[in-house]
Amino acid sequence: MAAATGGFLSTVPKKSKHQKEAVELAKWLTAPEQASWIFRTQGHLPSQPALYDDPAIVGYTNPFFNNAPTGRIFTTAAKRLRPQYQGPKDGDIGPLIGQGINRVDKGKQRPEQAWRQVLKDVANATAP
């Protein structure tokens with residue numbers, strides 16, 4: 001089971017042998033033209049909100065989804081997102097939830113059992 005947590009990050013180490021070229025490549029890869037092409041060919045919504053009004057993205061329909069207006073659906077949803085607070089224990093709690101989901105996915109527990117165990121695991125992980 002996998003999930004996308006959103007966003008995009010690229011870096012170029014200071015000690016890179018070809019730092020200037022790497023920066024130029026990163027700029028090219030993240031340019032609006034490439035982001036639009038990647039969305040239209042691969043389905044990955046650009047991480048740049050400025051592109052959510054681009055007609056090539058907003059107007060995109062996907063034949064796989066019966067020509068649904070996926071560009072409009074995804075960009076509308078992305079514009080409505082609000083940042084979520086991540087507390088100091090987020091890194092401890094996230095994997096516990098994932099483990100609970102995996103137990104259900106593998107048939108080791110029913111959803112109700114897995115949720116109860118997740119709550120216990122979280123309480124243990126966050127106890128002082």
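One-based numbering along the sequence shown.
Sequence neighbours left out, the pairs with a member in residues 31-62 that pass ring pair (Phe, Tyr, Trp, His ring centres under 6.0 Å) are Phe39-Tyr60. Among pairs with a residue in residues 42-51, none fulfils salt bridge (Lys or Arg N to Asp or Glu O under 4.0 Å), at least two apart in sequence or across chains. Within the structure, the salt bridge (Lys or Arg N to Asp or Glu O under 4.0 Å) test picks out the following pairs touching residues 23-40 (sequence neighbours left out): Glu24-Lys27.
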Using a 3.5 Å cut-off and no angle test, enumerate the donor-acceptor pairs between side-chain atoms of residues 88-97 and protein atoms at least two apart in sequence or in another chain.
none

Please tabulate, for the side chains in residues 65-78, all donor-acceptor contacts under 3.5 angstrom to protein atoms that are two or more places apart in sequence or on a different chain.
residue, atom, partner, partner atom, Å
Thr75, OG1, Gly71, O, 2.7
Thr75, OG1, Arg72, O, 3.3
Thr76, OG1, Arg72, O, 2.7

Can I get a per-line list of side-chain donor-acceptor pairs under 3.5 Å for residues 120-128, giving both atom names and the distance, sequence neighbours left out?
residue, atom, partner, partner atom, Å
Asn124, ND2, Lys120, O, 3.4
Thr126, OG1, Val122, O, 2.8

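Lys108 is linked by a side-chain hydrogen bond (donor to acceptor under 3.5 Å, both in side chains) to nothing, counting only residues two or more places apart in sequence or in another chain. Legend: residues meeting side chain to side chain contact (heavy atoms under 4.5 Å, CB included) with Ala26, ordered by chain and number and at least two apart, are Ser10. With sequence neighbours excluded, no residue forms a salt bridge (Lys or Arg N to Asp or Glu O under 4.0 Å) with Lys20. Residues meeting the side chain to side chain contact (heavy atoms under 4.5 Å, CB included) test with Glu21, sequence neighbours left out: His18. In this structure Val12 satisfies the side chain to side chain contact (heavy atoms under 4.5 Å, CB included) test together with Ser16, Gln19, Ala22, Val23, sequence neighbours excluded. Considering only residues two or more places apart in sequence or on other chains, Glu112 meets the salt bridge (Lys or Arg N to Asp or Glu O under 4.0 Å) condition with Arg110.
Gln34 places a side-chain N or O within donor-acceptor distance of the main-chain N or O of Trp28, the cut-off being under 3.5 Å.
Nearest approach of Gln48 to Ala35, heavy atoms of both residues: OE1-CB, 3.8 Å.
Contact of the Pro46 side chain with the Ile57 side chain is registered, since non-hydrogen atoms from C-beta on lie closer than 4.5 Å.
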